[in-house]
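Here is the structure we will look at, set down as structure tokens.
Here the structure is a predicted model, which is why all the values come from computation and not from measurement.
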Amino acid sequence: MRATAIIQARTGSTRLPGKVLSRIKNKTMLEHVAGRVLKAHSIKGVVVATTVQKEDLAIVRVASGRGYPVYCGSETDVLDRYYQAARLFGLDHIVRITADCPLIDPGVIDRVVRFYFNARGVDYASNTLERSFPRGLDVEVFRFAALEKAWKGAHKACQREHVTPYIYQNPSQFRIASYKNTDDYSSYRWTVDTQEDLKLVRKIYNLLYGRKPGFSLRDVLDVMQRYPRLADINKRVSQKEL
């Protein structure tokens with residue numbers, strides 16, 4: 001069984017505007033993310049979910065140029081954007097990916113998606129409930145029925161802006177499963193919210209992309225261990241709370 005990834009992308013980031021279109025080596029961040037997601041055996045396709053804002057037409061052009069289906073919806077109600085995209089394309093099982101995670105690992109995606117399907121009857125599974133993976137390798141998998149239930153039931157702003165909080169905040173309504181890695185790598189920050197984050201990711205790509213374009217979590221860990229000062233680049237960056 002396979003799922004479809006919906007990649008949320010917009011240029012209006014408050015801390016680093018336009019980050020998803022930032023160039024890393026020879027491509028935009030969005031293209032790297034989508035390309036890496038599609039390397040996962042458990043993924044049968046991607047949909048790029050952006051906004052109706054004029055500035056996000058650039059995202060539409062990049063995604064369409066690569067042949068990726070695109071849905072344009074609300075800028076702030078991302079839950080509605082996801083729901084409408086999933087409904088439009090008739091998706092049953094959805095993987096949530098954000099376009100600011102250019103180190104996303106296809107192997108990690110496969111592990112979480114297989115875990116979701118093997119845990120029969122589960123509505124939602126992720127590797128984010130109990131963090132053991134680096135931030136930036138986040139994978140959430142859920143049924144369309146769960147997404148629709150959240151879309152109908154979520155009323156708080158944070159539940160509309162971040163897609164899945166209504167699901168994992170209501171375990172009495174949904175069957176939820178948490179995927180944890182054996183080793184804890186949660187101290188690493190590989191998502192891109194600031195210039196420091198982008199600088200780190202670019203350095204990792206410079207070290208790995210040319211000789212190993214399909215690099216994995218293990219490859220990045222090896223680089224971080226070989227060059228321990230890399231972690232200093234964004235160590236002062238804090239994650240925004242819900």
Side-chain angles (χ1 to χ4, degrees), residues 3-21 29-30 33-34 37 46-60 63 68-101 104 112 116 122-131 135-178 191-194 238-242:
T4 300
I6 298 181
I7 302 173
Q8 65 187 70
R10 69 185 182 102
T11 59
S13 169
T14 53
R15 290 204 278 183
L16 188 59
K19 62 183 179 180
V20 301
L21 297 178
M29 189 185 304
L30 172 60
V33 172
V37 170
V46 299
V47 172
V48 175
T50 189
T51 86
V52 294
Q53 300 300 311
K54 183 178 179 180
E55 56 267 29
D56 286 333
L57 285 173
I59 289 175
V60 175
Y68 305 141
V70 179
Y71 173 78
C72 300
S74 171
E75 180 180 25
T76 56
D77 190 346
V78 191
L79 174 55
D80 181 70
R81 199 194 314 167
Y82 257 72
Y83 172 72
Q84 300 298 345
R87 191 168 70 93
L88 177 65
F89 293 105
L91 308 185
D92 295 321
H93 303 281
I94 300 135
V95 177
R96 177 176 177 251
I97 301 289
T98 58
D100 55 4
C101 295
I104 190 76
V112 179
Y116 163 82
V122 162
D123 295 308
Y124 168 94
S126 82
N127 65 350
T128 63
L129 296 175
E130 301 172 87
R131 288 205 169 269
R135 191 174 290 276
L137 271 66
D138 297 3
V139 182
E140 296 177 284
V141 197
F142 43 89
R143 297 174 183 273
F144 176 78
L147 178 64
E148 185 169 54
K149 189 173 183 179
W151 178 75
K152 291 177 179 177
H155 300 293
K156 296 178 181 178
C158 67
Q159 294 173 340
R160 307 297 302 190
E161 184 181 351
H162 295 283
V163 184
T164 55
Y166 184 85
I167 297 175
Y168 59 73
Q169 289 171 358
N170 290 280
S172 62
Q173 297 185 44
F174 302 94
R175 292 160 293 182
I176 295 169
S178 176
T191 189
V192 177
D193 281 324
T194 68
S238 59
Q239 186 67 20
K240 290 176 69 176
E241 299 295 329
L242 287 181

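- Classification of Asp193 and Lys19 as a salt-bridged pair holds, one side-chain N sitting under 4.0 Å from a carboxylate O.
- Classification of the Phe142-Tyr82 ring pair by plane angle, with boundaries at 30° and 60°, yields tilted.
- The nearest pair of heavy atoms linking Ala63 to Val48 is CB-CG2, 3.9 Å.
- A heavy-atom distance below 4.5 Å is not found between the side chains of Val163 and Glu140.
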| request: Begin with the C-alpha distance, continue with both residues' side-chain angles, and end with the deciding distance and a verdict on side-chain contact (heavy atoms from CB on, under 4.5 Å) for Asp100 and Val33. | output: CA-CA 8 Å; Asp100 55 4; Val33 172; over 6 Å; no

| task | List the steps, then state whether side-chain contact (heavy atoms from CB on, under 4.5 Å) holds for Thr76 with Thr51. | result | CA-CA 9 Å; Thr76 56; Thr51 86; over 6 Å; no

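- Two residues are said to be in side-chain contact when any heavy atoms from C-beta on lie closer than 4.5 Å; Asp56 and Val60 fail this criterion.
- The pair Asp77-Arg160 counts as a salt bridge, with a side-chain nitrogen and a carboxylate oxygen less than 4.0 angstrom apart.
- With a 4.5 Å cut-off on side-chain heavy atoms, Gln53 and Arg10 do not count as touching.
- Contact check for Tyr166 versus His155: no side-chain heavy atoms found under the 4.5 Å cut-off.
- The nearest pair of heavy atoms linking Ile167 to Ala146 is CD1-O, 4.1 Å.
- Judged by distance alone, with hydrogens and angles left aside, the side-chain atoms of Asp80 form no donor-acceptor pair with the main-chain N or O of Gly73 at under 3.5 Å.
- Tyr124 has its side chain out of reach of Tyr116: every pair of non-hydrogen atoms, C-beta onward, lies at least 4.5 Å apart.
- Although no hydrogens or angles enter the test, the distance criterion places a donor-acceptor pair under 3.5 Å between the side chain of Lys149 and the main chain of Gln173.
- Between Asp138 and Arg131 there is a salt bridge, with a side-chain nitrogen of the basic residue lying less than 4.0 Å from a carboxylate oxygen of the acidic one.
- The closest side-chain heavy-atom distance from Arg81 to Ile6 is not below 4.5 Å.
- Of all heavy-atom pairs between His93 and Arg143, the closest is CE1-NH1, 3.7 Å.
- With a 4.5 Å cut-off on side-chain heavy atoms, Thr4 and Phe89 do not count as touching.
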| field | Derivation and outcome, side chain to side chain donor-acceptor pair (under 3.5 Å), residues Glu55 and Thr11 | value | CA-CA 7 Å; Glu55 56 267 29; Thr11 59; 4.8 Å; no

